[in-house]
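For the numbers below, each heavy atom of this structure counts, side chains included, while hydrogens, waters and symmetry mates do not. To find a chain, count down the sequence lines: A is the first, B the second, and so on, and within it residues start at 1.
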There are 2 protein chains.
Amino acid sequence: MTRFLGTHVNRLDRKGRVSVPAPFRAELTRAESDELIFVPSHREACIEAYTSRAFDDLVEKLENFDEFSEEREDFAATLYADAHPMRPDSEGRIMMPEALIAHAGLQESVAFIGMGKKFQIWDPEAARQRNSQARARVGEKGLTLPGRGPARPEGGA
Amino acid sequence: MTRFLGTHVNRLDRKGRVSVPAPFRAELTRAESDELIFVPSHREACIEAYTSRAFDDLVEKLENFDEFSEEREDFAATLYADAHPMRPDSEGRIMMPEALIAHAGLQESVAFIGMGKKFQIWDPEAARQRNSQARARVGEKGLTLPGRGPARPEGGA
DNA sequence: GGACCGTTCATGGGATAACATGGAGACTAC
DNA sequence: GTAGTCTCCATGTTATCCCATGAACGGTCC
């Protein structure tokens, strides 16, 4: 399983290129496919980056819907239409599509943020804000990971 | 498996020709058949484009319907009668049939929209509207989308 | 401990190939 | 003939490849 970890900030040059961080490239090598699928996040001002395999997993849910059903068509459009398949060049760089630059509000620097089997791409300042907010939420709610047995009588049950 | 991704807008010249986007052509090469079947969508103002194989799969599903059901007859009529087999020329272009241009309301620009094993052809503006509507519908139904699951904020995994 | 060296990375710029697009004929069918 | 296609060629634009530079890091040897 691929595992993207850590935060790496690289420069977006005037041609729209940016180096994929070396550790992330190493993960791609390990996954035996250097293809990446970029999708604009629909919840936040960032780009979600999936390996070819992770994207397939995402798409698998499609098969649960009937051919030509509205649900399936909607789902497919949402998933596929804005997806950008990317492949790092010989230098390990990728060309950022204009639409994604706009969506994430990228300027001269971009932050690559490991999220395990995928990673995200942010404007560094926006990422900082998001992270501190996320941290605060986790703290005040005392979140734990979904788990085995009913250890705590929390909300749901 | 073929995987058509992303949105590509190309020009329809006054002879009715339009370039199939290079990434889509590459998928055809990979599928070892450059044949495409165009069918007017029966639900929306767009054209459905299938690879030879994807069309076969569709036909096979049709065979599973009750032999004399009205549903089947209707489906068959829609699927076969209005189908246009296409093959990109040496430049990678196809001639858009008049009937399909009319059905999709195409003007000087056409959008190719990847939908996985098939793709769709739209007027760019109509496609934009459809996509935002699809996204809204998917959102309100709470279907899982790229990113995290619904209930929980920022899970680590 | 500290200076030296080699390697890996990120980054910049110029050359090259791929791509989308426009138009001129040649060919075919009616 | 004439209308509609198809093949071929030309062109501007854009992405990709290739090489060069310089900084950062790690290891080694004195």
Quickly work out the [X] [atom1] to [N] [atom2] distance and round it to whole Å.
X        : N      : atom1 : atom2 : result
A/Ile101 : D/dA15 : CD1   : P     : 10 Å
B/Leu12  : C/dA20 : CG    : P     : 15 Å
A/Asp89  : C/dA10 : CG    : P     : 12 Å
A/Glu98  : D/dT14 : CD    : P     : 11 Å
A/Ile94  : C/dC9  : CD1   : P     : 17 Å
B/Met86  : D/dC6  : CE    : P     : 8 Å
A/Asp13  : C/dA10 : CG    : P     : 14 Å
A/Lys15  : D/dC18 : NZ    : P     : 14 Å

Side chain of [X], heavy atoms from C-beta onward: which of [options] has the nearest atom to it?
X       : options                : answer
B/Pro21 : D/dT7, C/dA20, D/dC9   : C/dA20
B/Ala22 : C/dT11, C/dA24, C/dA20 : C/dA20
A/Arg25 : C/dA10, C/dG12, D/dA15 : C/dA10
B/Asn10 : C/dA20, C/dC9, D/dT5   : C/dA20
B/Met95 : C/dA24, C/dA10, D/dT5  : D/dT5

Would you say the side-chain atoms of A/Asp74 pair up with the backbone N or O of B/Val138, donor to acceptor, closer than 3.5 Å?
no
If only atom types and distance count, is the side chain of A/Asp34 paired as donor or acceptor with the main-chain N or O of A/Arg87 below 3.5 Å?
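Not confirmed, A/Asp34 side chain does not pair with A/Arg87 backbone.
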Would you say a side-chain N or O of B/Arg11 is under 4.0 Å from OP1 or OP2 of C/dG22?
yes
Counting only side-chain nitrogens and oxygens, does B/Arg17 get under 4.0 Å of the OP1 or OP2 atom of C/dA20?
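No, B/Arg17 has no side-chain N/O under 4.0 Å of OP1/OP2 on C/dA20.
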Using 0.5 Å steps for rounding, measure from the [atom1] atom of [X] to the [atom2] atom of [Y].
X        : Y       : atom1 : atom2 : answer
B/Met115 : B/Tyr50 : CE    : OH    : 8.5 Å
A/Leu106 : A/Met96 : CG    : CE    : 6.0 Å
B/Asp82  : B/Ser41 : CG    : OG    : 11.5 Å

Look at the side chain of B/Glu91 and the base of D/dC9, then say whether one donor and one acceptor between them are separated by less than 3.5 Å.
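When only heavy-atom distances are counted, B/Glu91 does reach the base of D/dC9 through a donor-acceptor pair under 3.5 Å.
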For C/dG23, does the base pair up with any side-chain atom of B/Arg14 as donor and acceptor (N or O, under 3.5 Å, distance only)?
no
Using a 4.0 Å heavy-atom cut-off, does A/Val9 contact any base of the nucleic acid, only the sugar-phosphate backbone, or nothing at all?
nothing
